[in-house]
Engineer: 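Shown below is the structure under consideration.
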Amino acid sequence: MAEEARGGGLDVEGHRRAVAAEFTRMVDAKELELPLPGAGHTRSRWSTLTRIAEDDLALARLCEGHTDALAILAELDALGVAEVPQAPAGSRWGVWAAEPPGQPLEASQTATGWSLSGLKPYCSGARVCTDALVTARVGEQRRLFAVSTAQGVAPVPGSWPAAGMAASDTLDLLFDQTPAVPVGGPGAYLDRPGFQHGGIGVAACWYGGARAVADALLRAALDHGPEPHTLAHLGAVDSRLQGVGALLDRAAAEVDADPQDRRGGAALRSMRVRAATEDAAAAVLHHVGRALGAGPLGHDAAHARRVTDLTVYLRQHHGERDLAGLGAALLDAARGQQ
């Protein structure tokens with residue numbers, strides 16, 4: 001995708017439209033028909049997401065959601081789940097599963113089938129996705145449904161006023177008796193092994209965004225010569241990114257060796273990779289910011305956008321709450337070995 005010219009301003013709406021057009025082109029060209037997680041080429045799958053994220057994090061967010069949706073459908077179909085829909089050629093999918101505090105999206109069943117009603121927040125690709133996998137509540141149960149966005153779905157204007165990840169078109173959506181097809185029973189979305197594999201796919205996007213931010217530091221060092229503090233920051237950034245790359249290599253090999261998680265390590269693996277990647281990406285933002293100062297944030301629109309987008313995207317990791325979950329999983333694993 002074309003970057004903003006250095007020194008030019010950010011055209012948020014123009015960028016959103018460009019991302020939507022490129023996402024549509026990639027789907028139509030079948031460039032997002034990636035190897036499924038655990039099928040023997042998981043590292044290739046994640047490398048593609050990383051490459052897209054290096055170019056544009058908002059585009060990567062849409063591509064990751066689309067490829068995750070296709071992987072979910074394929075996994076549940078392989079498990080023999082009834083009523084798994086097929087993705088028509090050219091359809092563009094999202095996975096809308098956020099459930100922050102508040103009134104959840106509700107599903108109800110009538111004589112004519114299922115429908116969804118209520119508000120669903122954080123729907124990336126709200127105006128470009130043709131279909132989506134959506135979580136909704138049936139009483140206290142959380143279930144997954146497939147919907148078409150062509151009927152009974154309306155974006156809420158102004159529900160993402162922030163600049164960060166604005167081009168991912170992440171809006172709240174209002175569902176009004178939207179026809180829906182259940183995909184698996186209660187718990188099917190979270191309980192399948194692929195849920196954990198997909199979480200690492202998100203980390204692969206964070207990794208790409210961090211690499212793109214780090215590139216500004218390397219370019220500055222090349223342009224301005226070896227200055228000790230710049231070199232120190234450059235070394236710190238490189239060591240963190242190399243560590244994440246190696247961790248993704250290892251995780252992909254482990255997923256391919258045990259795609260059904262018969263050894264029970266998928267959740268711990270996903271939490272470790274996500275925590276390490278978030279920590280490394282945050283360190284990249286820190287070091288690049290301290291090394292380069294305000295200059296590129298004020299005068300390089302593409303770099304400023306990358307920093308802002310990465311800062312927002314990283315918050316899909318829930319900080320200390322997710323780290324506490326990792327700690328609890330480590331304790332459970334240790335107790336199991338006693």
Side-chain angles (χ1 to χ4, degrees), residues 12-13 15-24 26-27 32 49 52-53 56-73 85 87 90-108 114-138 142-183 189-190 195 198-199 201-202 205 309 312-318:
V12 175
E13 180 59 19
H15 183 210
R16 183 191 71 79
R17 292 180 182 274
V19 165
E22 178 65 5
F23 176 50
T24 300
M26 293 177 75
V27 170
L32 297 179
L49 293 175
I52 296 169
D56 193 298
L57 271 173
L59 177 62
R61 176 68 191 91
L62 300 186
C63 295
E64 185 277 323
H66 175 81
T67 56
D68 189 39
L70 298 185
I72 293 168
L73 294 173
S91 57
R92 301 179 296 276
W93 288 75
V95 178
W96 300 333
E99 294 192 4
Q103 185 67 31
L105 182 67
E106 295 184 346
S108 58
W114 288 86
S115 66
L116 308 183
S117 293
L119 191 70
K120 191 67 172 177
Y122 305 131
C123 298
S124 295
R127 288 173 285 186
V128 68
C129 287
T130 61
D131 300 85
L133 295 176
V134 186
T135 57
R137 295 285 172 167
V138 182
R142 186 184 195 186
R143 295 192 62 172
L144 186 67
F145 295 86
V147 302
S148 167
T149 60
Q151 180 182 353
V153 181
V156 178
S159 50
W160 188 271
M165 295 298 285
S168 68
D169 202 23
T170 301
L171 299 175
D172 295 354
L173 290 178
L174 186 63
F175 289 74
D176 183 12
Q177 297 183 339
T178 307
V181 176
V183 183
Y189 171 65
L190 294 176
F195 177 76
V202 175
C205 294
D309 285 353
V312 172
Y313 202 175
L314 286 178
R315 294 285 50 85
Q316 283 197 356
H317 187 273
H318 300 110

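One is the number of the first residue; the rest follow in order along the sequence.
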Engineer: Quick one: are Phe23 and Asp56 in side-chain contact, heavy atoms under 4.5 Å?
Structural biologist: no
Engineer: Would a distance-only check, ignoring hydrogens and angles, find a side-chain to backbone donor-acceptor pair under 3.5 Å from Ser124 to Leu62?
Structural biologist: no
Engineer: Which distance, rounded to the nearest 0.5 Å, do you find between the OG of Ser168 and the CD of Glu64?
Structural biologist: 11.5 Å
Engineer: I'd like to check the side-chain contact (heavy atoms from CB on, under 4.5 Å) partners of Ala132; sequence neighbours left out, ordered by chain and number.
Structural biologist: Trp96, Val134, Val147
Engineer: Please name the pair of heavy atoms, one in Ala166 and one in Val12, separated by the smallest distance, quoted to 0.1 Å.
Structural biologist: CB-CG1, 3.7 Å
Engineer: Is there side-chain contact between Met165 and Arg315, with at least one heavy-atom pair below 4.5 Å?
Structural biologist: no
Engineer: Determine whether Leu173 and Leu105 make a side-chain contact, defined as any pair of heavy atoms from C-beta on separated by less than 4.5 Å.
Structural biologist: no
Engineer: List the residues meeting salt bridge (charged side-chain N to carboxylate O under 4.0 Å, His left out) with Asp169, not counting sequence neighbours, and say none if there are none.
Structural biologist: Arg16, Arg127
Engineer: Do Ser117 and Gln177 have side chains that get closer than 4.5 Å, going by heavy atoms?
Structural biologist: yes
Engineer: Is any side-chain heavy atom of Ser115 closer than 4.5 Å to a side-chain heavy atom of Thr178?
Structural biologist: no
Engineer: State which residues pass side-chain contact (heavy atoms from CB on, under 4.5 Å) with Arg17; sequence neighbours excluded, sorted by chain then number.
Structural biologist: Glu13
Engineer: About how many Å separate OG of Ser159 and CG of Leu174, when rounded to the nearest 0.5 Å?
Structural biologist: 10.5 Å
Engineer: How would you list, by chain and number, every residue that makes a side-chain contact (heavy atoms from CB on, under 4.5 Å) with Thr135, sequence neighbours excluded?
Structural biologist: Ala97, Glu99, Lys120, Arg142, Leu144, Tyr189
Engineer: Got a second to check how far Leu314's CG is from Leu57's CG, nearest 0.5 Å?
Structural biologist: 8.5 Å
Engineer: Taking all non-hydrogen atoms of both residues, which atom of Ala87 and which atom of Leu70 are closest, and how far apart?
Structural biologist: CB-CD2, 3.7 Å
Engineer: Between Pro121 and Ala98, what is the shortest heavy-atom contact and its length?
Structural biologist: O-CB, 4.1 Å
Engineer: Does Pro179 have any side-chain contact (heavy atoms from CB on, under 4.5 Å) partners at least two apart in sequence or in another chain, and if so, which?
Structural biologist: Gln151
Engineer: If you take all heavy atoms of Gly94 and Ala69, which pair is closest and at what distance?
Structural biologist: O-CB, 4.1 Å
Engineer: Does the side chain of Leu73 reach to within under 4.5 Å of the side chain of Pro85, using non-hydrogen atoms?
Structural biologist: yes
Engineer: Name all residues meeting the side-chain hydrogen bond (donor to acceptor under 3.5 Å, both in side chains) criterion together with Ser91; count only those two or more places apart in sequence or in a different chain, and write none if there are none.
Structural biologist: Trp93
Engineer: If you measure from OG1 on Thr67 to CD1 on Ile72, what distance do you get to the nearest 0.5 Å?
Structural biologist: 9.5 Å
Engineer: So, do Val156 and Leu171 sit near enough that their side-chain heavy atoms are less than 4.5 Å apart?
Structural biologist: no
Engineer: Atom OG in Ser108, atom CG in Leu116: separation rounded to 0.5 Å?
Structural biologist: 8.0 Å
Engineer: Between Ala60 and Leu49, which heavy-atom pair has the shortest distance, and what is it?
Structural biologist: CB-O, 4.4 Å
Engineer: Quick one, Ile52 with Met26, criterion side-chain contact (heavy atoms from CB on, under 4.5 Å). Give me CA distance, side-chain angles, the key distance, then yes/no.
Structural biologist: CA-CA 11 Å; Ile52 296 169; Met26 293 177 75; 3.7 Å; yes
Engineer: Could you pull out the closest heavy-atom pair between Ala146 and Val183, with the gap in Å?
Structural biologist: N-CG2, 3.7 Å
Engineer: Just wondering, do Tyr122 and Pro100 contact through their side chains at under 4.5 Å, heavy atoms?
Structural biologist: yes
